[in-house]
S.K.: 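Structure provided below as structure tokens; questions to follow.
Atoms within a ligand are numbered from 1 in the order they appear, just like the ligands themselves.
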Amino acid sequence: MTTLITVAPTGAEVDKAAVPVLPVTLDELVLTAKECEAVGASVIHVHIRDADARPTLDQGRLRDTVVALRESTDLIVQLSSGGAVTDPEADRLAVLDAGPEMASCTMGTVNFGDDVFLNRWEFIVDLHTRMQEKGIVPEYEIFDLGQLSTLERLLSTYGMPFGGHVHVDLVMGVPGGMPGTAEALVACTRALRDLPVGTTFSATGIGRTTLPVMLASLAAGGHLRVGMEDTVTYAKGQPVESNAQLVARAAGIARLAQRPPMTCADARALLGVPARS
Ligand code: KMH
Ligand code: ZN
């Protein structure tokens with residue numbers, strides 16, 4: 001069995017001024033994507049920034065980003081529909097018009113540090129059904145255990161996603177969500193049994209939970225997400241140098257676990273993302 005490695009290189013929360021190596025321009029993002037593909041990533045989860053390095057959902061920038069990443073890598077391009085906590089629902093839905101192969105789709109509202117990451121049921125349904133119509137494969141983002149029950153309700157009411165495969169990403173260790181622990185991950189794997197046969201999961205641990213979550217996910221048969229969206233510290237007192245550094249570490253640990261990184265072609269086959277023509 002191989003390992004799907006997703007890189008989340010930028011996010012919406014990390015401040016470029018505080019972390020100068022954060023990729024925020026299109027050139028920086030493309031370079032990061034190439035480096036991460038070379039060391040084992042097969043999916044890129046994308047948030048973009050404006051000219052001042054602030055998070056944006058500008059439609060033109062999103063489209064340019066999708067085109068540039070498709071031209072320069074074989075990575076599956078997954079746009080974030082989560083955006084920043086301040087983004088309106090209409091802008092988050094419009095992300096789906098920018099031509100991504102995949103998009104994230106969060107399964108519920110969660111406290112997010114001092115903020116609230118709002119995901120109403122009707123909004124979730126809108127995202128899911130529009131992705132079905134547009135031929136976009138969702139990645140269901142799970143910040144807390146109960147959100148897996150919401151996913152079960154979503155699928156049983158509105159049907160399977162485009163591509164016919166269910167893949168979830170456990171985002172663990174957000175202040176306000178589930179903790180980034182092996183116990184919490186195992187609790188999620190039990191709940192995953194109520195989802196369609198063949199459902200796969202990846203996991204990422206925010207901040208210092210990165211390594212315990214990575215090890216627990218591999219041990220439980222899961223896949224991995226890493227990147228500066230989720231952690232900017234490589235080890236205690238040691239800032240992350242690049243996203244590729246995080247992907248390379250994940251790929252190395254996956255190899256040690258005899259679960260080497262998956263190719264982009266295999267990731268497409270697993271997730272139900274059409275091959276590039
Ligand atoms: N930036 C967070 C508020 C996603 O990309 O879908 C939401 C987030 C989830 O990052
Ligand atoms: Zn994100």
Side-chain angles (χ1 to χ4, degrees), residues 5-16 19 22-24 29 32-33 36 41 43-50 53-57 61-62 65-66 69 75-96 98 100-120 123-124 126-128 130-131 136-144 147-148 150-151 154 161 167-178 180 201-207 209-210 213 224-232 243 246 271:
I5 302 181
T6 297
V7 63
T10 307
E13 286 78 32
V14 176
D15 180 14
K16 174 76 168 172
V19 184
L22 187 78
V24 296
L29 188 60
T32 296
C36 291
V43 178
I44 185 164
H45 169 84
V46 181
H47 291 252
I48 60 165
R49 301 293 179 99
D50 66 15
R54 287 182 305 228
T56 178
L57 294 180
R61 279 180 187 267
L62 283 171
T65 302
V66 171
L69 289 171
L75 295 172
I76 297 171
V77 180
Q78 178 190 105
L79 288 183
S80 166
S81 73
V85 290
T86 45
D87 284 321
E89 288 179 348
D91 293 359
R92 291 173 57 193
L93 282 169
V95 165
L96 305 181
E101 300 173 287
M102 288 186 80
S104 57
C105 182
T106 294
M107 284 299 108
T109 297
V110 64
N111 285 322
F112 197 83
D114 294 340
D115 298 305
V116 175
F117 180 31
L118 187 67
N119 294 284
R120 298 178 307 113
F123 178 67
I124 292 170
D126 259 359
L127 274 175
H128 175 75
R130 287 192 199 195
M131 281 196 240
I136 299 169
V137 173
E139 175 178 271
Y140 299 105
E141 307 290 337
I142 304 296
F143 288 75
D144 219 339
Q147 293 182 3
L148 286 168
T150 302
L151 176 55
L154 182 74
H167 180 71
V168 312
D169 180 43
L170 308 174
V171 185
M172 311 183 71
V174 168
M178 62 184 152
F201 74 96
S202 54
T204 182
I206 304 300
T209 70
T210 295
V213 167
L224 306 177
R225 173 174 122 171
V226 293
M228 295 174 74
E229 172 167 345
D230 300 334
T231 182
V232 292
N243 280 287
L246 292 170
L271 299 170

S.K.: Using modelled atom types and a 3.5 Å cut-off, is there a donor and acceptor pairing between side-chain atoms of Ser81 and backbone atoms of Ser104?
M.R.: yes

S.K.: So does Met228 get a backbone contact from the side chain of Thr231, meaning a donor-acceptor N/O pair under 3.5 Å?
M.R.: no

S.K.: Does one side chain, of Thr32 or Asn243, offer a donor that lies under 3.5 Å from an acceptor on the other?
M.R.: no

S.K.: Tell me: protein heavy atom nearest atom 3 (C) of ligand 1, and distance?
M.R.: Glu13 OE2, 3.5 Å

S.K.: To which of Gly113, Ser80, Ser81, Gly82 does the heavy atom nearest atom 5 (O) of ligand 1 belong?
M.R.: Ser80

S.K.: Do Thr6 and His45 pair up side chain to side chain, a donor and an acceptor below 3.5 Å, judged on atom types alone?
M.R.: no

S.K.: Quick one: which of His167, His128, Gln147 gives a side-chain hydrogen bond (donor to acceptor under 3.5 Å, both in side chains) with Tyr140?
M.R.: His128

S.K.: Work out whether the distance between some heavy atom of Pro55 and some atom of ligand 1 is less than 4.0 Å.
M.R.: no

S.K.: Could you pull out the atom name of the N/O/S atom in Glu229 that is nearest the Zn ion (ligand 2)?
M.R.: OE2

S.K.: Which ligand 1 atoms, with their elements, are less than 4.0 angstrom from a heavy-atom of Ser104?
M.R.: 4 (C), 5 (O), 6 (O)

S.K.: Only one of Val7, Val226, Asp230 passes side chain to side chain contact (heavy atoms under 4.5 Å, CB included) with Leu246; say which it is.
M.R.: Val226

S.K.: Out of Glu141, Glu229, His45, Glu139, indicate the one that has the non-hydrogen atom closest to atom 10 (O) of ligand 1.
M.R.: Glu229

S.K.: To which of Tyr140, Phe117, Phe112 does the heavy atom nearest atom 9 (C) of ligand 1 belong?
M.R.: Phe117

